[in-house]
J.: 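Here it is: the structure, laid out below.
Values reported hereafter were calculated over all heavy atoms of this structure, with side chains retained and with hydrogens, waters and symmetry mates removed. All values derive from a computational prediction rather than experimental measurement. Numbers here are sequence positions counted from 1.
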Amino acid sequence: MNQQGFIVEIVDDKTAKMRMQRHSACASCGKCAKLTSESQDLVVEVDNQIGAKIGDHVEVSMETVKVMKATMLAYILPLVFLIAGTAISFYILNAISFKGPLEVISGLCGILCTFLSYLYLRKNDKKYRDSRDYIPVVVRII
């Protein structure tokens with residue numbers, strides 16, 4: 001996935017911030033910070049190994065596989081935890097002949113598992129943000 005934008009800030013030797021238009025596949029993976037609530041512009045941290053300077057018009061690239069992996073972590077993982085927590089607790093409670101409100105308890109267990117998935121993501125957020133795997137790479141100055 002290739003995008004174009006302008007370098008607005010140099011963070012360090014190998015990292016810069018770029019302003020670009022929001023791409024439909026971008027959604028909100030957490031790598032971006034919106035400039036305003038009404039703007040479709042984003043400020044994205046990018047890998048600037050080629051040494052682009054403030055004001056340079058650049059093209060960045062991020063592998064589609066990495067975009068899909070980030071999306072899976074943010075959206076699919078909590079959904080899987082919700083379904084698995086609900087289904088597993090339903091079958092366990094059913095197997096032990098639980099006489100209470102089976103569906104309600106199973107649903108609450110699913111919600112608890114979803115909450116646990118968000119705690120896992122929150123705990124590992126810094127690791128994912130610091131990882132160079134999920135950051136777009138400046139491929140050329142236009």
J.: Side-chain contact, heavy-atom cut-off 4.5 Å: K53 with I7?
T.: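 With C-beta onward as the side chain, the pair stays apart.
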J.: Looking at SG of C113 and CG of L108, how far apart are the two atoms once the value is rounded to the nearest 0.5 Å?
T.: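 Result: 11.0 Å between the selected atoms.
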J.: Quick one: CE on M72 to CG on L77, what's the gap to the nearest 0.5 Å?
T.: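 Taking CE in M72 and CG in L77, the distance rounds to 6.5 Å.
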J.: Examine distances only and state if a side-chain atom of S106 and a backbone atom of E103 form a donor-acceptor pair shorter than 3.5 Å.
T.: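 Pair absent, no side-chain N/O of S106 close to backbone of E103.
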J.: Check whether any side-chain heavy atom of R19 lies under 4.5 Å from a side-chain heavy atom of L42, and answer yes or no.
T.: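 Sidechains of L42 and R19: no contact.
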J.: So does L121 get a backbone contact from the side chain of N124, meaning a donor-acceptor N/O pair under 3.5 Å?
T.: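 Judged by distance alone, no pair lies under 3.5 Å.
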J.: Could you report the tightest heavy-atom contact between C109 and S89, atom names first, then the distance?
T.: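 That closest heavy-atom pairing would be CB-OG, 3.4 Å.
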J.: Near L116 CG, under 6.0 Å, is it more than 12 heavy atoms from other residues, nucleotides or ligands?
T.: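 More than 12 within 6.0 Å, yes.
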J.: Tell me the closest heavy-atom pair linking T86 and L82, and the distance in Å.
T.: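 Smallest heavy-atom distance, with atoms named: OG1-O, 2.8 Å.
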J.: Please evaluate residues E59 and Q3 with respect to the criterion side chain to side chain contact (heavy atoms under 4.5 Å, CB included), reporting the C-alpha separation (whole Å), side-chain torsions for both, the decisive distance (0.1 Å), and the verdict.
T.: CA-CA 6 Å; E59 181 177 332; Q3 285 283 75; over 6 Å; no
J.: Before giving the answer on side chain to side chain contact (heavy atoms under 4.5 Å, CB included), spell out for D47 and I135 the whole-Å C-alpha distance, their side-chain angles and the decisive distance to 0.1 Å.
T.: CA-CA 6 Å; D47 187 335; I135 189 170; 4.3 Å; yes
J.: Which atom names give the shortest non-hydrogen contact between I105 and L93, and what distance separates them?
T.: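 Between these two residues, the closest heavy atoms are CG2-CD1, 3.4 Å.
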J.: Mind listing the closest non-hydrogen atom pair of F6 and G55 along with its distance?
T.: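 So the minimum-distance heavy-atom pair works out to CD2-O, 3.7 Å.
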J.: Rounded to the nearest 0.5 Å, what separation is found between the CD1 atom of I83 and the CD1 atom of I76?
T.: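 Here the interatomic distance stands at 9.0 Å.
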J.: Under 4.5 Å between any side-chain heavy atoms of Q49 and V137, yes or no?
T.: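 Contact flag for Q49/V137 side chains = no.
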J.: Surrounding OH of Y91 (heavy atoms of other residues, nucleotides or ligands, distance under 6.0 Å), is the total greater than 12?
T.: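 Open.
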J.: Mind running side chain to side chain contact (heavy atoms under 4.5 Å, CB included) on M20 and D41 for me, showing each step along the way?
T.: CA-CA 5 Å; M20 66 179 204; D41 285 348; over 6 Å; no
J.: Test your reading of the model: is there a side-chain donor-acceptor pair from D12 to the backbone of K14, 3.5 Å cut-off?
T.: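 Judged by distance alone, yes, a pair lies under 3.5 Å.
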J.: What's the shortest heavy-atom distance between E45 and P136, and which atoms?
T.: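 Scanning both residues completely, I find the closest heavy atoms to be O-CD, 3.5 Å.
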J.: Take I54 and I10 through the test side chain to side chain contact (heavy atoms under 4.5 Å, CB included) and record every step on the way to the result.
T.: CA-CA 7 Å; I54 294 176; I10 303 297; 3.9 Å; yes
J.: Can you confirm whether the side chains of T15 and N48 place a donor and an acceptor under 3.5 Å from each other?
T.: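 On atom types as modelled, these side chains do not qualify, holding no pair under 3.5 Å.
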